[in-house]
**Q** 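Attaching a single structure in structure tokens format; questions to follow.
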Amino acid sequence: MSEKELRRSLSVLPIGTVMKLTDLSARQIRYYEEQGLVMPERNDGNRRMYSLNDIDRILEIKDYLDDGLNISGIKEVYKKQQQLEDEKKNHQDTQLTDSDVRRILEDEFLHISGLMPPSSTFNNQKL
DNA sequence: TTTCTTACA
DNA sequence: TGTAAGAA
């Protein structure tokens, strides 16, 4: 991991700073954590400490919400991304190319952002 | 002062 | 999601 990545992953921001940076309420920020969308560290007194990566994550969540996605929809987006990353890691037993990954993700975006049925996202065969 | 958790006329 | 209450 590069030094840059390490710095971005250092949790040094209290929720108050995150509120100003994201223009979200503490309530909302904590709620996203409850939903497993972000997992900030805790310091001494059980206070949440966020990293720059967390900030990006939260801003991303905010954008998705503005685009009409609900929490469950966002969860699926991240689930999909992680799923694709895993497959990418086992590049040998799968036949997915980078362009395939990009296409699948694109498809998911349109699918999910268009107010999809909660259970219609498991039909991602192998193209 | 700031943040945490819990709960809801 | 907001807000109040009590604790840390």
Side-chain angles (χ1 to χ4, degrees):
Chain A
M1 196 179 275
S2 70
E3 296 175 33
K4 180 183 176 185
E5 297 171 80
L6 286 174
R7 279 191 302 249
R8 288 189 65 73
S9 59
L10 284 184
S11 301
V12 294
L13 311 173
I15 198 169
T17 301
V18 181
M19 289 174 70
K20 294 175 182 175
L21 258 32
T22 64
D23 192 42
L24 291 170
S25 65
R27 181 76 158 84
Q28 293 173 300
I29 298 170
R30 296 186 187 119
Y31 178 64
Y32 302 154
E33 179 184 359
E34 281 186 62
Q35 301 311 302
L37 270 32
V38 289
M39 35 175 289
E41 293 179 357
R42 296 291 184 125
N43 66 358
D44 49 296
N46 191 42
R47 282 166 162 56
R48 275 168 264 251
M49 296 303 272
Y50 300 80
S51 67
L52 295 177
N53 283 324
D54 290 328
I55 299 296
D56 288 337
R57 175 75 133 195
I58 294 172
L59 289 173
E60 195 172 58
I61 293 170
K62 187 186 176 188
D63 286 337
Y64 283 143
L65 256 24
D66 288 333
D67 285 334
L69 278 70
N70 51 37
I71 300 298
S72 51
I74 297 176
K75 286 184 185 177
E76 305 214 32
V77 169
Y78 290 141
K79 191 186 72 176
K80 226 96 277 176
Q81 296 188 326
Q82 187 192 306
Q83 182 179 116
L84 293 178
E85 282 179 27
D86 292 341
E87 293 186 52
K88 211 173 178 181
K89 187 157 190 170
N90 312 330
H91 227 308
Q92 55 178 58
D93 63 282
T94 61
Q95 308 177 327
L96 292 178
T97 66
D98 289 342
S99 64
D100 287 330
V101 172
R102 181 187 58 62
R103 190 200 301 178
I104 294 176
L105 218 49
E106 228 170 59
D107 186 67
E108 276 307 312
F109 266 39
L110 298 174
H111 190 200
I112 298 179
S113 59
L115 303 179
M116 63 342 72
S119 60
S120 63
T121 52
F122 289 91
N123 314 328
N124 280 319
Q125 304 294 320
K126 296 304 176 293
L127 300 180

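Chain naming here is simple, since letters A, B, ... match the order of the sequence lines and numbering starts at 1 in each. None of these values were measured; they are calculated from a predicted model.
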**Q** Please test A:Ile61 against A:Leu65 for side chain to side chain contact (heavy atoms under 4.5 Å, CB included), starting from the C-alpha separation and ending with a verdict.
**A** CA-CA 6 Å; A:Ile61 293 170; A:Leu65 256 24; 4.1 Å; yes
**Q** Identify the 5'-most and 3'-most nucleotides of DNA chain C with at least one atom closer than 4.0 Å to a non-hydrogen atom of chain A.
**A**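 Counting from the 5' end, contacts occupy C:dT1 to C:dA8.
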**Q** Can a cation-pi geometry be assigned to A:Arg57 and A:Tyr32, taking NZ or CZ under 6.0 Å from the six-membered ring centre and within 45° of the ring axis?
**A** no
**Q** Send over the distance from A:Tyr31 OH to B:dA7 C1', rounded to a whole Å.
**A** 16 Å
**Q** Would you say A:Leu21 and A:Tyr50 make side-chain contact, with heavy atoms under 4.5 Å?
**A**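 No - every pair of side-chain heavy atoms lies 4.5 Å or more apart.
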**Q** When you compare the side chain of A:Pro40 with that of A:Val38, does any pair of heavy atoms fall below 4.5 Å?
**A**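 Side chain of A:Val38 against side chain of A:Pro40, heavy atoms only: contact under 4.5 Å found.
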**Q** Whole angstroms only, please: what is the CD-P distance between A:Glu34 and B:dA7?
**A**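 My rounded result for the distance is 12 Å.
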**Q** Could you state the CZ-P distance from A:Arg42 to B:dC4, rounded to the nearest angstrom?
**A**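 To the nearest whole Å, that distance equals 6 Å.
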**Q** A:Gly45 near the nucleic acid: base, sugar-phosphate alone, or nothing, with a heavy-atom cut-off under 4.0 Å?
**A**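 Result for A:Gly45 = nothing.
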**Q** Which residue lies toward the 5' end of DNA chain B, A:Arg27 or A:Ile15, if each is placed at its nearest nucleotide?
**A** A:Ile15
**Q** Return whichever of A:Arg47 or A:Leu65 has its heavy-atom-nearest nucleotide of DNA chain C closer to the 5' end.
**A**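 Per heavy-atom nearest nucleotide, the more 5' residue is A:Leu65.
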**Q** In terms of side-chain heavy atoms, does A:Gln83 have a donor or acceptor partner in A:Tyr78 at a distance below 3.5 Å?
**A** no
**Q** Answer yes or no: does a side-chain N or O of A:Arg48 lie under 4.0 Å from OP1 or OP2 of B:dC4?
**A** yes
**Q** Stem finding on DNA chain C, please: runs of three or more consecutive Watson-Crick or G-U wobble pairs, both distances under 3.5 Å, sorted by first number.
**A** B:2-8 with C:2-8
**Q** With heavy-atom distances below 4.5 Å as the criterion, would you say the side chains of A:Val12 and A:Ser51 are in contact?
**A**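 No, every pair of side-chain atoms sits at 4.5 Å or beyond.
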**Q** May I have the distance from A:Asn46 (atom CG) to B:dT5 (atom C1'), rounded to whole angstrom?
**A** 9 Å
**Q** Rounded to the nearest 0.5 Å, how far does OG1 of A:Thr22 lie from CD of A:Gln28?
**A**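 A:Gln28 CD to A:Thr22 OG1: 8.0 Å, rounded to 0.5 Å.
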**Q** Between A:Asn70 and A:Ser72, is a side-chain hydrogen bond (donor to acceptor under 3.5 Å, both in side chains) present by the stated rule, with each step listed?
**A** CA-CA 6 Å; A:Asn70 51 37; A:Ser72 51; 2.8 Å; yes
**Q** Is A:Glu33 paired with A:Arg42 through a side-chain N to carboxylate O contact shorter than 4.0 Å?
**A** yes
**Q** In whole Å, I'd like the distance from the CD atom of A:Glu33 to the C1' atom of B:dT3.
**A**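 Between C1' of B:dT3 and CD of A:Glu33: 12 Å.
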